[in-house]
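This report refers to the structure that appears directly beneath it.
Just so you know, these numbers come straight off a predicted model, no measurement behind them. Numbers restart at 1 for each chain; the letters A, B, ... are given by sequence-line order, proteins then strands.
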2 protein chains.
Amino acid sequence: MPKQVDHDERRRQIGDAVCRVMATRGLDAVSLRHVAAEAGVSMGRVQHYFATKDEMLLFAFNQISARVGDRIGAVHSADPRTYLRTLLLELLPLSAAARLEAPVLAAFLAQAVVEPRLAAPLREGAPQMVAFVADLITQVRPGGDAEQDAMALLAFVDGLMMQMLIGQVSAEVAVELVDHQLCRVFVAAS
Amino acid sequence: MPKQVDHDERRRQIGDAVCRVMATRGLDAVSLRHVAAEAGVSMGRVQHYFATKDEMLLFAFNQISARVGDRIGAVHSADPRTYLRTLLLELLPLSAAARLEAPVLAAFLAQAVVEPRLAAPLREGAPQMVAFVADLITQVRPGGDAEQDAMALLAFVDGLMMQMLIGQVSAEVAVELVDHQLCRVFVAAS
DNA sequence: TGTTTTACGATGCGATCGCATTGCAAAACG
DNA sequence: CGTTTTGCAATGCGATCGCATCGTAAAACA
């Protein structure tokens with residue numbers, strides 16, 4: 001056999017290339033050849049690690065999902081209000097890392113509209129996120145329908161991400177809007 | 001010459017087919033052949049009315065943009081609060097018409113992230129919408145930063161649309177969330 | 001050391017793509 | 001009525017696509 005190679009590492013490298021192609025040229029520019037070129041490897045190698053293009057895309061999707069999950073999982077703060085604010089801001093293309101991930105996420109989200117295989121994990125993952133955000137809200141402001149506020153905040157951040165990616169909203173304005181919304185949620189007696 | 005045909009009508013028919021393909025199979029399924037088949041016409045006819053695929057897609061984009069614009073333009077109410085509520089709900093895939101348009105819009109939005117030619121009109125159209133919504137808010141609740149509330153509401157509705165399309169949020173919950181957000185905006189002394 | 005197995009690179013195939021070209025029937029026009 | 005122009009249908013072309021196949025260098029294993 002040739003030198004033992006870290007199988008998962010190789011797959012991650014290719015997955016990264018998929019994300020880079022998606023971020024710069026869109027989902028429909030993702031072909032085996034483009035990905036191979038972006039990764040700086042041969043097309044045969046890509047095929048060796050992924051049986052089909054769909055499998056490759058699904059892997060890339062899980063990869064950025066995990067990456068985003070790690071990033072927001074790394075957020076922590078003693079103050080639940082600061083915690084929530086940091087969490088929401090982490091979902092927006094503000095940091096360098098998030099600016100790379102957001103276009104990829106947006107492309108996958110759009111594809112999920114017409115591809116149930118992508119929509120299913122998103123549907124299943126959402127309630128956890130809602131519950132987590134709702135819990136943070138409750139810590140700051142007991143009473144009121146925290147779950148509704150949580151869902152609204154997450155939808156708001158989702159839309160804000162899209163608008164930022166399209167250039168409708170600048171980073172500064174986006175942060176102001178998030179703070180404004182958080183203020184609304186926490187001030188409310190509801 | 002052959003019988004005089006309504007040029008614009010033919011283009012609209014093809015544009016409709018483009019949207020139908022996008023709604024059911026996504027943007028990357030839009031090919032000249034698929035569109036022709038969907039429209040029930042020959043590929044030659046599609047080429048006759050659109051010089052390039054890009055021109056066809058751009059036309060389809062303007063077409064649904066105009067359609068959505070017409071739909072929200074048709075909204076009217078003496079009460080600004082009802083007006084705003086109806087307006088926002090009209091942006092969600094709730095009615096039969098909107099359920100057909102929303103997936104198409106979502107696909108174009110995602111494409112706009114990597115294609116400036118689509119992003120430009122969206123960037124330019126946004127401020128008008130913000131101003132209009134802000135005006136409605138001011139009528140109900142003078143004072144406070146109405147523009148910030150308007151931008152937040154529009155981002156919220158955008159994200160909500162995506163979540164509905166993916167199936168994360170049902171129609172009923174979506175309406176509740178919109179009402180909840182409107183309540184927050186109008187109650188606020190801010 | 002020989003065998004086997006792994007990790008590819010290279011190449012080819014059929015399908016599909018956008019687009020150009022060609023041909024022609026039909027109707028408006030002189 | 002003949003000419004011209006329009007509205008298409010048909011076909012072909014080169015490029016690119018996902019994927020299958022084949023060959024092979026090299027290292028782990030016996």
Side-chain angles (χ1 to χ4, degrees), chain A residues 1-22 24-63 107-108 110-111 114-115 117-118, chain B residues 1-22 24-63 107-108 110-111 114-115 117-118:
Chain A
M1 331 170 176
K3 64 178 161 191
Q4 287 282 21
V5 145
D6 187 337
H7 203 75
D8 293 340
E9 168 64 18
R10 286 278 156 92
R11 282 170 70 95
R12 275 192 285 113
Q13 285 175 5
I14 295 173
D16 282 341
V18 172
C19 292
R20 261 176 279 141
V21 172
M22 286 182 66
T24 57
R25 297 203 282 165
L27 179 61
D28 48 338
V30 175
S31 70
L32 299 186
R33 293 158 223 269
H34 286 157
V35 168
E38 175 69 38
V41 303
S42 76
M43 206 181 121
R45 179 127 125 198
V46 175
Q47 282 195 96
H48 180 69
Y49 287 103
F50 297 101
T52 68
K53 179 187 175 181
D54 271 9
E55 183 191 329
M56 182 181 74
L57 281 171
L58 207 58
F59 177 85
F61 173 63
N62 290 327
Q63 189 177 345
F108 275 126
Q111 188 65 14
V114 292
E115 188 161 342
R117 296 230 308 287
L118 290 180
Chain B
M1 329 171 177
K3 62 179 162 192
Q4 290 281 19
V5 298
D6 187 337
H7 202 78
D8 293 340
E9 168 64 17
R10 286 278 155 91
R11 283 169 69 96
R12 275 192 287 112
Q13 284 175 4
I14 296 172
D16 282 340
V18 171
C19 292
R20 259 176 281 140
V21 172
M22 285 182 67
T24 58
R25 296 202 281 165
L27 179 61
D28 47 338
V30 176
S31 71
L32 298 185
R33 293 158 223 269
H34 286 157
V35 168
E38 176 68 38
V41 303
S42 78
M43 209 181 118
R45 187 189 266 191
V46 175
Q47 283 196 96
H48 180 70
Y49 287 103
F50 297 100
T52 67
K53 180 188 175 181
D54 270 9
E55 183 191 329
M56 183 181 75
L57 281 171
L58 208 58
F59 177 85
F61 173 63
N62 290 326
Q63 189 176 346
F108 275 126
Q111 189 65 15
V114 291
E115 187 161 344
R117 295 228 310 285
L118 290 180

Given D:dG7, C:dG18, C:dA7, identify the nucleotide with an atom nearest to the side chain of A:Q4.
C:dA7
Taking atom C1' of C:dC17 as reference, at what distance in whole Å does atom CG of B:D28 sit?
13 Å
Expected output is a numbered-order residue list: members of residues 50-58 of chain B with a heavy atom under 4.0 Å from any atom of DNA chain D. What is it?
none
Nearest whole angstrom, please: distance from the P of D:dG7 to the CD of B:Q13.
14 Å
Choose from D:dG18, C:dG18, D:dA20 the nucleotide whose nearest atom is closest to any side-chain atom of A:Q47.
D:dA20
Interatomic spacing from CZ in B:F61 to CE in B:M22 - rounded to 0.5 Å
9.5 Å
B:M43 has an atom CE; how far is it from atom P of C:dT16, in whole Å?
13 Å
Nearest to the side chain of A:R33, heavy atoms from C-beta on, is which of C:dA10, D:dG18, C:dA20?
D:dG18
Report the distance from atom CG of B:L32 to atom P of C:dG18, rounded to the nearest whole Å.
4 Å
Just how far, in rounded Å, is C1' of D:dT16 from CZ of A:R25?
13 Å
Got a sec, which residues hit side chain to side chain contact (heavy atoms under 4.5 Å, CB included) with B:V114, two or more places apart in sequence or on another chain?
B:Q111
Measure the acute angle between the ring planes of A:F50 and A:F59, then classify it against the limits of 30° and 60° as parallel, tilted or perpendicular.
tilted
Pick base, sugar-phosphate or nothing for A:V30, based on heavy-atom distances below 4.0 Å to the nucleic acid.
sugar-phosphate
Salt-bridge present (A:E115, B:R25; N to O < 4.0 Å)
no
Grab the CZ-C1' distance between A:R45 and C:dT6 for me, whole Å please.
13 Å
Is it true that B:E38 and B:R33 have a side-chain N and a carboxylate O under 4.0 angstrom from each other?
no
Round to a whole Å and report the spacing from NE2 of B:H48 to P of D:dT6.
9 Å
Examine C:dC17: is either OP1 or OP2 under 4.0 Å from a nitrogen or oxygen in the side chain of B:H34? Give yes or no.
yes
Using a 4.0 Å heavy-atom cut-off across all strands, classify B:H7 as base, sugar-phosphate, or nothing.
nothing
State plainly whether the residues B:D6 and B:R12 are in salt-bridge range, i.e. N to O under 4.0 Å.
no
Quick check for you: to the nearest 0.5 Å, what is the distance between A:L57 atom CG and A:E55 atom CD?
10.5 Å
